2 protein chains.
Amino acid sequence: MDKATRRQRLFELFNEIGIIQQLAGTAFNNRLPDGLHVSHFTVINHLCRLGDGRTPLQLSRAFQVTKATMTNTLGKLEARGFIRVRNNPADGRSKLVFLTDKGRSFRTTAIATLYPLLDKLDQDLGTEALSRILPQLRQLRTYLDENRDG
Amino acid sequence: MDKATRRQRLFELFNEIGIIQQLAGTAFNNRLPDGLHVSHFTVINHLCRLGDGRTPLQLSRAFQVTKATMTNTLGKLEARGFIRVRNNPADGRSKLVFLTDKGRSFRTTAIATLYPLLDKLDQDLGTEALSRILPQLRQLRTYLDENRDG
DNA sequence: AATCAATAGTTCGATATCTAACTATAATAG
DNA sequence: CTATTATAGTTAGATATCGAACTATTGATT
């Protein structure tokens, strides 16, 4: 495989990833209740699965978005009553994000609307085959994260 | 692997893909000359590699963006003098997109700034290993494309 | 202790993208 | 032919995201 081919392969890789993200994002967004976005769900889901009481910065790092983006997302979630944001007693600059009951029940509803898509995908393509590429994706993600300014 | 695990795996898959897209997109965008975006480059690159004289709709399908998005992208490219858009003599509703010399030379410049990133990635992680996941990504992309309304 | 640098979060302006509604042309059906 | 339906592209409005500049607090250096 010569240099030009390798470059083209890698570029194609990012191209495919970009398209998948767009298609999957749209599919998810269309299923979620009015005005809610995958990014909102993933934050709620994260807090639910791994525990709340995290700072906005921790969340923005977990999803690799800017602090500004997370401020916006959390604002929407708070306006909906899905989270409550408190000052961090341990650090005056910082805040802590907590889930409300409403937030948890939103997750339940959202899951009920999103999981049929995943189940169908599992049935049609097979999770085993798909999740075989997870290690490479994680490796790529970690690499990109570590070489952000390079 | 039980149902809950499979769902979580698939969700994680989309999550990784979303993050990679964000990191790679940002890395590319930061390298491109003022105000230009990966989406602009990919259109130019596509026209250069596979031939110009395509319609906006064909382009929007190739990149899985809406017609409205492609209108916007092509407007920016035309304002920069990278493309010229003509009426399609074969269909009065349609148009055809052609590259200008300026567009081709932009591609050359852009490639020179983007490819070092890909070369470093090739060197550090290896294109062989990475491109091994391309078939699964293509399969997933095709599936999502075909099941867009499902 | 005082100053300077680093960190957390917000605000502001820009932009890429989406959906929905619209215009114009083409294709099909009666 | 005419009328309806489908297709190509644009426009308008909304929003998620980004980068840069700003405020407030913490940490480090002298």
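None of these values were measured; they are calculated from a predicted model. Chain letters run A, B, ... following the sequence lines, proteins first, then strands; residues in each count from 1.
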Engineer: B/Arg93 CZ to C/dT28 C1': how many Å, rounded?
Structural biologist: 12 Å

Engineer: In whole Å, I'd like the distance from the CG atom of B/Asn87 to the P atom of C/dA26.
Structural biologist: 11 Å

Engineer: In whole angstrom, give the distance that lies between atom CG of A/Leu74 and atom P of C/dT11.
Structural biologist: 13 Å

Engineer: How close or far is atom P of D/dA12 from atom CG of B/Asn72, stated in whole angstroms?
Structural biologist: 13 Å

Engineer: What is the separation between atom NZ on A/Lys67 and atom C1' on D/dA16, rounded to the nearest whole Å?
Structural biologist: 18 Å

Engineer: For D/dA16, does either OP1 or OP2 sit under 4.0 Å from a side-chain N or O belonging to A/Lys76?
Structural biologist: yes

Engineer: Tell me whether the OP1 or OP2 atom of D/dT17 has a side-chain N or O from A/Ser39 closer than 4.0 Å.
Structural biologist: yes

Engineer: Between A/Gln22 and A/Met70, which residue's closest nucleotide on DNA chain C lies nearer the 5′ terminus?
Structural biologist: A/Met70

Engineer: Compute the ring centroids of B/His40 and B/Phe106, then answer whether they are less than 6.0 Å apart.
Structural biologist: no

Engineer: If each of A/Gly92 and A/Gln64 is mapped to the nucleotide of DNA chain D with the nearest heavy atom, which maps nearer the 5' terminus, i.e. the 5' end?
Structural biologist: A/Gln64

Engineer: Show the nearest heavy-atom pair for residues B/Leu32 and B/Ala110, with the distance to one decimal.
Structural biologist: CD2-CB, 3.9 Å

Engineer: Does C/dT17 have its OP1 or OP2 closer than 4.0 Å to a side-chain nitrogen or oxygen of B/Thr73?
Structural biologist: yes

Engineer: Rounded off to whole Å, could you give me the CD-to-P distance for the B/Gln21 and D/dC18 pair?
Structural biologist: 10 Å

Engineer: Has B/Asn30 got a side-chain N or O lying under 4.0 Å from the OP1 or OP2 atom of D/dG19?
Structural biologist: yes

Engineer: Quick check: closest heavy atoms across B/Arg9 and A/Ser131, and the distance to 0.1 Å?
Structural biologist: NH1-OG, 3.8 Å

Engineer: Write down the distance between CG (B/Leu96) and P (C/dT25), rounded to a whole number of angstrom.
Structural biologist: 16 Å

Engineer: Between the side chains of B/Asp52 and B/Arg84, is the shortest nitrogen-to-carboxylate-oxygen separation below 4.0 Å, so that they form an ion pair?
Structural biologist: no

Engineer: Given that A/Ala68 and B/Leu57 both sit by DNA chain D, which one's nearest nucleotide is further toward the 5' end?
Structural biologist: B/Leu57

Engineer: Does OP1 or OP2 of C/dG9 have a side-chain N or O of A/Ser94 closer than 4.0 Å?
Structural biologist: yes

Engineer: For the pair made of CG in A/Asn88 and C1' in C/dG9, what is the distance, rounded to whole Å?
Structural biologist: 12 Å

Engineer: Could you go through B/Thr5 and B/Asp2, starting from their C-alpha distance and side-chain angles, then the distance that decides it, and tell me whether this counts as side-chain hydrogen bond (donor to acceptor under 3.5 Å, both in side chains)?
Structural biologist: CA-CA 5 Å; B/Thr5 308; B/Asp2 68 351; 2.3 Å; yes

Engineer: Between B/Ala90 and A/Arg61, which is nearer to the 5' end of DNA chain C once each is assigned its nearest nucleotide?
Structural biologist: A/Arg61

Engineer: Would one find a side-chain N or O of B/Thr69 under 4.0 angstrom from OP1 or OP2 of C/dC18?
Structural biologist: yes

Engineer: Considering every strand and a 4.0 Å limit on heavy-atom distances, what is the contact class for A/Asp91: base, sugar-phosphate, or nothing?
Structural biologist: sugar-phosphate

Engineer: For B/Arg141, which of A/Gln22, A/Glu16, A/Gln21 qualifies under side chain to side chain donor-acceptor pair (under 3.5 Å)?
Structural biologist: A/Glu16

Engineer: Given C/dT10, is OP1 or OP2 found less than 4.0 Å from the side-chain N or O atoms of A/Thr71?
Structural biologist: yes

Engineer: Any donor-acceptor pair, under 3.5 Å, between the side chain of B/Lys95 and the base of D/dG9, if you only look at N and O atoms?
Structural biologist: no

